[in-house]
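Structure first, commentary second.
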Amino acid sequence: MSLVSVNDDTFKSHMQTKGVLLANFGSPFCPPCRALTPVLEELQEEYSGGIGILKINCDDSPQTASDYGVMATPTVIVFHNGEPVEKLVGLRSKQVYQSVVNRYM
C-alpha cells in the first residue's frame, strides 16, 4: 500500500480527516526520508485504514512545510482530528511511531 502524496494545493483538504493522520515531510534526495517510507507503509498496513498517512515533498510544497515549521527532513507531524499534536524530527524507530499513533487512537 502506498502513501498518499499531497502538495501545497491539496494538503488542507486532508485536514478534515477525523482520527489520526501522519504527515510525512521529506524529500526524494534525503536518504533518511527514503528509509522512513517503508516503515510508514508497514504502519499503514498494520492499522488497516485506522490511520491516514500523507507524504509531502518539501521541495515541491515549500508553503505547507513553512506553515508547519518544518526545518529538517524527515519530519512527521501527527494530527488528531485535524489538529497537529506532535512533531517527530529525524528518522525514528517503527516503535516510536507506533507509540505515538497508539496514544491518539
Side-chain angles (χ1 to χ4, degrees):
M1 183 177 289
S2 63
L3 308 179
V4 175
S5 291
V6 295
N7 58 37
D8 283 343
D9 297 328
T10 60
F11 183 79
K12 290 210 187 302
S13 67
H14 290 274
M15 291 300 97
Q16 312 307 318
T17 303
K18 295 292 181 206
V20 179
L21 180 71
L22 304 180
N24 174 25
F25 290 84
S27 165
F29 305 107
C30 161
C33 300
R34 289 194 307 265
L36 178 57
T37 298
V39 171
L40 294 178
E41 288 172 340
E42 284 178 29
L43 284 177
Q44 192 171 40
E45 278 189 39
E46 287 173 17
Y47 287 93
S48 9
I51 62 172
I53 303 179
L54 304 177
K55 186 174 181 178
I56 302 102
N57 181 335
C58 293
D59 297 335
D60 295 339
S61 301
Q63 186 60 54
T64 302
S66 175
D67 289 350
Y68 288 96
V70 174
M71 303 296 285
T73 57
T75 293
V76 174
I77 300 178
V78 182
F79 291 84
H80 185 248
N81 295 330
E83 296 297 320
V85 291
E86 291 202 35
K87 182 187 284 188
L88 302 167
V89 179
L91 181 60
R92 308 288 180 93
S93 71
K94 181 178 173 184
Q95 290 75 22
V96 169
Y97 298 106
Q98 285 173 317
S99 174
V100 171
V101 167
N102 290 337
R103 191 172 18 246
Y104 295 101
M105 290 288 292

Mind checking whether [X] and [Y] have side chains closer than 4.5 Å, heavy atoms only?
X     : Y     : value
Asn7  : Asn57 : no
Leu88 : Thr75 : no
Lys12 : Asp67 : yes

Once side-chain contact (heavy atoms from CB on, under 4.5 Å) is applied, do any residues pair with [X], and if so which ones, sequence neighbours excluded?
X     : answer
Ser93 : Gln95, Val96
Glu46 : Glu42, Leu43, Lys94, Gln98
Pro32 : Cys30, Pro74, Leu91

Nearest non-hydrogen partners of Ile51 and Met105, listed with the distance: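 In this case the closest contact between Ile51 and Met105 is CG2-SD, 3.6 Å.
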- request: Please report the closest heavy-atom contact between Ala35 and Val39, naming both atoms and the distance.
  value: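 Heavy atoms only, the tightest pair is O-CG2, 3.8 Å.
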- request: Working to the nearest 0.5 Å, report the span between CD of Glu41 and CG of Leu36.
  value: 9.5 Å
query: Which value, rounded to the nearest 0.5 Å, describes the distance between Cys58 atom SG and Gln63 atom CD?
result: 12.0 Å
message: Strictly by salt bridge (charged side-chain N to carboxylate O under 4.0 Å, His left out), give each pair with a member in residues 71-93 just once, sequence neighbours left out.
response: Glu86-Arg103
Checking [X] now: which residues fulfil side chain to side chain donor-acceptor pair (under 3.5 Å) with it, not counting sequence neighbours?
X     : value
Ser5  : none
Tyr47 : Asn102
Thr64 : Asp8
Asn81 : none

message: Can you pull out every side chain to side chain donor-acceptor pair (under 3.5 Å) where at least one residue sits in residues 18-28? Sequence neighbours excluded, please.
response: Ser27-Asp59
- prompt: If you look only at pairs with a residue in residues 26-45, which of them pass as a ring pair (Phe, Tyr, Trp, His ring centres under 6.0 Å), with sequence neighbours excluded?
  reply: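 Qualifying pairs: none.
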- request: Could you list all the ring pair (Phe, Tyr, Trp, His ring centres under 6.0 Å) pairs where at least one residue sits in residues 85-105, not counting sequence neighbours?
  value: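 Listed once each, the pairs are His80-Tyr104.
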field: Hydrophobic cluster membership, Leu3 vs Val101, 4.5 Å side-chain cutoff
entry: yes
task: May I ask you to list the residues sharing a hydrophobic cluster with Val6, side-chain cutoff 4.5 Å, ordered by chain and number?
output: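 Same cluster as Val6: Val4, Phe11, Met15, Leu21, Phe25, Leu54, Ile56, Tyr68, Val70, Ile77, Phe79.
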